[in-house]
Novice: 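This structure is in structure tokens; I'll ask about it shortly.
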Amino acid sequence: QVQLGESGGGLMQAGGSLRLSCEASERTFNMYVVGWFRQAPGKEREFVGYIRSSASGGSTRYADSVKGRAIISRDDAKNTVYLQMNSLKPEDTAVYYCAADRSILPWGGIFSNEFNYWGQGTQVTVSS
């Protein structure tokens, strides 16, 4: 059972930056695809981006809403994946979740139901 824990959320200013961390309990975390999702009040959980396993090259993909502003990276030595977001907007306000799975298909990773392991979420509030 993989346990994930997010950190780094809080109150941010529009135009600012954030760096969220997702730390895993699993030593083979480098073999997992890790996705970031977010859920704003009254809205469905939405895809933010993912990073594929290091064995698969660690490629990334981002939602259009954050493309050009977000960078996902991983430090396998620390069993940690990061989400860096710049030029924050009030509409980025949401609870951010990381999710992980080893069985994501090569063409998959953008739907929440593809991931079996989830963190508890961290609140990000962007004020204007």
Side-chain angles (χ1 to χ4, degrees):
Q1 184 79 8
V2 179
Q3 294 183 327
L4 304 175
E6 302 97 336
S7 60
L11 179 63
M12 319 286 176
Q13 293 289 324
S17 299
L18 64 79
R19 188 193 196 208
L20 304 181
S21 300
C22 173
E23 185 173 1
S25 61
E26 176 59 46
R27 287 183 296 173
T28 61
F29 195 48
N30 62 321
M31 300 177 70
Y32 286 72
V33 176
V34 179
W36 285 95
F37 294 80
R38 65 186 182 185
Q39 188 165 18
K43 295 188 176 182
E44 292 187 355
R45 192 168 297 188
E46 67 170 359
F47 170 73
V48 176
Y50 68 59
I51 186 165
R52 303 208 77 88
S53 68
S54 298
S56 300
S59 60
T60 55
R61 179 176 177 176
Y62 302 97
D64 288 345
S65 58
V66 302
K67 195 173 294 182
R69 300 190 296 125
I71 299 173
I72 299 174
S73 60
R74 63 192 310 155
D75 184 340
D76 291 330
K78 296 182 178 179
N79 292 335
T80 302
V81 168
Y82 303 98
L83 170 64
Q84 172 87 27
M85 279 184 63
N86 304 314
S87 303
L88 291 171
K89 306 174 183 180
E91 50 264 44
D92 292 320
T93 295
V95 177
Y96 283 71
Y97 299 89
C98 67
D101 205 284
R102 289 183 60 171
S103 303
I104 303 294
L105 295 173
W107 53 87
I110 65 171
F111 297 106
S112 59
N113 61 7
E114 297 178 79
F115 293 86
N116 280 309
Y117 304 105
W118 289 82
Q120 79 285 355
T122 185
Q123 175 71 49
V124 171
T125 302
V126 182
S127 65
S128 56

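The model shown is predicted, which means the values in this text are computed figures rather than measured ones.
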Novice: Inspect the contact between Lys89 and Asp92 and indicate whether a charged nitrogen and a carboxylate oxygen are less than 4.0 angstrom apart.
Specialist: no
Novice: With rounding to the nearest 0.5 Å, note down the distance linking CZ in Phe115 to OG in Ser103.
Specialist: 11.0 Å
Novice: Of the non-hydrogen atoms in Asp64 and Lys67, which two are nearest, and what is the gap between them?
Specialist: OD1-NZ, 3.2 Å
Novice: Show the nearest heavy-atom pair for residues Val34 and Ala100, with the distance to one decimal.
Specialist: CG2-CB, 4.2 Å
Novice: If you round to the nearest 0.5 Å, how far is CD of Gln3 from OH of Tyr117?
Specialist: 11.0 Å
Novice: For Pro90 and Ala14, work out which heavy atoms get closest and say how close.
Specialist: CD-CB, 4.2 Å
Novice: Please check if atom CD in Gln120 has more than 12 non-hydrogen atoms from other residues, nucleotides or ligands closer than 6.0 Å.
Specialist: yes
Novice: Linking I/L/V/M/F/W/Y whenever any side-chain heavy atoms sit under 4.5 Å apart, do Val95 and Val81 land together?
Specialist: no
Novice: Can you tell me how far apart CG (Asn79) and OG (Ser21) are? Round to the nearest 0.5 Å.
Specialist: 12.5 Å
Novice: Should the pair Phe47 and Tyr50 be assigned to parallel (<30°), tilted (30 to 60°) or perpendicular (>60°) ring geometry?
Specialist: tilted
Novice: Hey, are the side chains of Gln39 and Ser112 touching, using non-hydrogen atoms and a 4.5 Å cut-off?
Specialist: no
Novice: Quick one: does Tyr62's side chain have a donor or acceptor within less than 3.5 Å of a partner on Ile72's backbone?
Specialist: yes
Novice: Could you tell me whether the side chain of Ser127 reaches within less than 4.5 Å of the side chain of Met12, counting heavy atoms only?
Specialist: no
Novice: Would you compute the distance between atom CG of Asn116 and atom CG of Asp101 and round it to the nearest 0.5 angstrom?
Specialist: 4.5 Å
Novice: Does the ring of Phe37 carry Arg45 above it, NZ/CZ under 6.0 angstrom from centre and within 45° of its axis?
Specialist: no
Novice: Thr125 side chain to Thr93 main-chain N or O, any donor-acceptor pair under 3.5 Å?
Specialist: no
Novice: Let me check something: do Phe111 and Tyr96 share a hydrophobic cluster, defined by ILVMFWY side-chain heavy atoms less than 4.5 Å apart, either directly or through other members?
Specialist: no
Novice: Of the non-hydrogen atoms in Leu88 and Gln13, which two are nearest, and what is the gap between them?
Specialist: CB-O, 4.1 Å
Novice: When rounded to the nearest 0.5 angstrom, what is the spacing between CD in Glu23 and CG in Leu4?
Specialist: 10.0 Å
Novice: Are Ser53 and Tyr32 close enough that some pair of their side-chain heavy atoms sits under 4.5 Å apart?
Specialist: no
Novice: Taking a hydrophobic cluster as the set of Ile, Leu, Val, Met, Phe, Trp and Tyr residues connected by side-chain heavy atoms closer than 4.5 Å, whether directly or through intermediates, do Tyr97 and Leu83 fall within one such cluster?
Specialist: no
Novice: Quick check for you: to the nearest 0.5 Å, what is the distance between Ser56 atom OG and Asn30 atom CG?
Specialist: 10.0 Å
Novice: If you draw the axis of the six-membered ring of Phe29, does the NZ or CZ of Arg74 fall within 45° of it and under 6.0 Å from the ring centre?
Specialist: yes
Novice: State, yes or no, whether a side-chain contact exists between Ile104 and Arg52 at a heavy-atom distance under 4.5 Å.
Specialist: yes
Novice: Compare all side-chain heavy atoms of Arg38 with those of Val66 and state whether any distance is below 4.5 angstrom.
Specialist: yes
Novice: Using a cut-off of 6.0 Å, state whether more than 12 heavy atoms not belonging to Ile71 lie near its atom CD1.
Specialist: no
Novice: So Met85 and Trp36, do their side chains get closer than 4.5 Å, heavy atoms only?
Specialist: no
